[in-house]
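The structure presented is a predicted model; accordingly, all values stated were derived computationally and were not measured.
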Amino acid sequence: NGSFWRYELSASGSIKKWLVRTSVGYQKTNETQRENTFEKLNSSINVNRTFGKLNLKLRLSPSVTIKNTPNTLYAYALPPTLPVRDEDGNFTPVNFYGNPLAVSRQNRSEANTSAILTSFGINYTLSYDFKISTLFGGDFSNKNQDRFFSGENGTGIFNDGRRGRRIIRDRDTRKWNWHSTINYNS
């Protein structure tokens, strides 16, 4: 059976004329598939300040995610009479795709992601009928992924008989958006 925990803590208030809201959260999941886990730590801070007709807004939301999913064969039904290990104590081979217990112990699939979402907005009201606003947003993340498919089970055997394969990825993403609006109500 799998298990799931989530904890969250938040606070809000003001410091002089600055409105502040912060939160932090932690989540841990042990999936129903053996050896598969997921953890996430995230937080956010929102700050607002108004100076007469000028309003400023800042949002920051950093997070860290750790995903470990070596068991990729969770959806295959096997005969209940198939032993997990053979007479020598080795994992029993399963044609085409591997023994799911062997896969969960011999393979590796780890992904670590650090990210931050952010935005900064400015709104200025010249009059009831004339308003100007701008918003800049960013989405920045780094994901490192390491996957190994063992040659000791069916997931890492190539058609030509070679055994074992590994995939390493390092993704660095930087996205941003800037939007400005002028509203005039006649």
Side-chain angles (χ1 to χ4, degrees), residues 1-13 15 18-48 57-78 82 84-85 89-94 96-121 135-157 163-177:
N1 290 340
S3 57
F4 174 84
W5 297 272
R6 179 181 287 163
Y7 306 96
E8 294 187 29
L9 177 66
S10 63
S12 61
I15 302 170
W18 294 88
L19 301 175
V20 180
R21 183 182 187 286
T22 62
S23 66
V24 64
Y26 173 75
Q27 174 183 332
K28 180 168 180 160
T29 305
N30 293 322
E31 297 181 8
T32 56
Q33 299 84 14
R34 286 174 105 29
E35 314 299 331
N36 289 3
T37 61
F38 176 84
E39 287 184 86
K40 184 174 186 177
L41 176 64
N42 60 302
S43 62
S44 71
I45 183 166
N46 302 327
V47 179
N48 294 342
K57 297 178 182 181
L58 175 66
R59 311 279 187 264
L60 294 171
S61 297
S63 66
V64 176
T65 304
I66 301 167
K67 186 175 181 180
N68 183 26
T69 54
N71 189 351
T72 56
L73 297 180
Y74 53 84
Y76 294 96
L78 297 175
L82 182 71
V84 174
R85 296 185 183 272
N90 299 317
F91 289 112
T92 302
V94 177
F96 303 110
Y97 50 79
N99 180 321
L101 188 57
V103 168
S104 72
R105 301 283 170 83
Q106 296 168 347
N107 289 2
R108 180 165 81 200
S109 180
E110 299 170 352
N112 298 320
T113 306
S114 301
I116 185 165
L117 289 171
T118 186
S119 68
F120 178 69
L135 177 69
F136 176 83
D139 179 359
F140 310 105
S141 67
N142 181 273
K143 181 176 185 177
N144 297 311
Q145 188 175 23
D146 186 356
R147 300 181 75 190
F148 173 71
F149 301 90
S150 174
E152 299 299 315
N153 60 64
T155 62
I157 299 174
R163 295 178 162 264
R165 60 190 170 117
R166 189 170 188 189
I167 301 168
I168 297 175
R169 293 184 181 135
D170 184 14
R171 293 180 238 173
D172 195 15
T173 305
R174 300 191 188 306
K175 298 176 187 175
W176 62 273
N177 185 15

Practice problem: Test side chain to side chain contact (heavy atoms under 4.5 Å, CB included) on S119 and K57 and set out the steps. | Solution: CA-CA 8 Å; S119 68; K57 297 178 182 181; over 6 Å; no
Self-check item: Worked check of side chain to side chain contact (heavy atoms under 4.5 Å, CB included) between N42 and V24
Solution: CA-CA 6 Å; N42 60 302; V24 64; over 6 Å; no
Practice problem: Walk me through it: do K28 and I66 pass the test side chain to side chain contact (heavy atoms under 4.5 Å, CB included)? | Solution: CA-CA 10 Å; K28 180 168 180 160; I66 301 167; over 6 Å; no
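A salt bridge is absent between K67 and E110; no separation between the charged side-chain nitrogens and carboxylate oxygens falls under 4.0 Å.
Here the side chains of Q33 and S104 are not in contact, with every heavy-atom distance at 4.5 Å or above. Side-chain contact between R147 and R165: absent, with no pair of heavy atoms (C-beta onward) separated by less than 4.5 Å. Side-chain contact between W5 and Q27 is absent, with no heavy atoms from C-beta onward closer than 4.5 Å. Residues V47 and W18 form a side-chain contact, since some pair of their non-hydrogen atoms from C-beta on lies under 4.5 Å apart. The side-chain heavy atoms of I167 and F149, taken from C-beta on, include a pair separated by under 4.5 Å. For the pair V103 and F91, the minimum side-chain heavy-atom distance is 4.5 Å or more. Within the 4.5 Å cutoff, the side chain of S44 has no heavy atoms near those of the R59 side chain. Between R166 and D146, some side-chain heavy-atom pair lies under the 4.5 Å cut-off.
Atom CD1 of I168 has more than 12 heavy atoms from other residues, nucleotides or ligands within 6.0 Å.
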Identify each donor-acceptor pair in which a side-chain atom of residues 169-176 lies under 3.5 Å from a protein atom, sequence neighbours left out, and give them as a table.
| residue | atom | partner | partner atom | Å |
| --- | --- | --- | --- | --- |
| R169 | NH1 | Q145 | OE1 | 3.3 |
| D170 | OD1 | N142 | ND2 | 3.4 |
| R171 | NH2 | Q145 | OE1 | 2.8 |
| D172 | OD2 | R174 | NH2 | 3.4 |

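Rounding to the nearest 0.5 angstrom, the gap separating the CZ atom in R21 from the CG atom in N48 is 11.5 Å. Note that the CZ atom of F120 and the CG atom of L58 stand 7.0 Å from one another [nearest 0.5 Å]. If you take CG on N46 and OG1 on T22, they are separated by 9.0 Å, rounding to the nearest 0.5 Å. Rounding to the nearest 0.5 Å places CG of N36 at 7.0 Å from CG of N68. Atom CG of residue D139 and atom CG of residue N177 lie 11.0 Å apart, to the nearest 0.5 angstrom.
A donor-acceptor pair shorter than 3.5 Å can be found between the side chains of Y26 and E39. Side-chain polar atoms of T37 and N30 form no donor-acceptor pair below 3.5 angstrom.
Nearest heavy-atom pair, A111 versus K143, reported as atom, atom and distance to 0.1 Å: CB-CE, 4.0 Å.
At distances below 3.5 Å, at least one donor-acceptor pair connects side-chain atoms of S150 with backbone N or O atoms of E152. Proximity of a side-chain donor or acceptor of S114 to a complementary backbone N or O of V64 within less than 3.5 Å is not detected.
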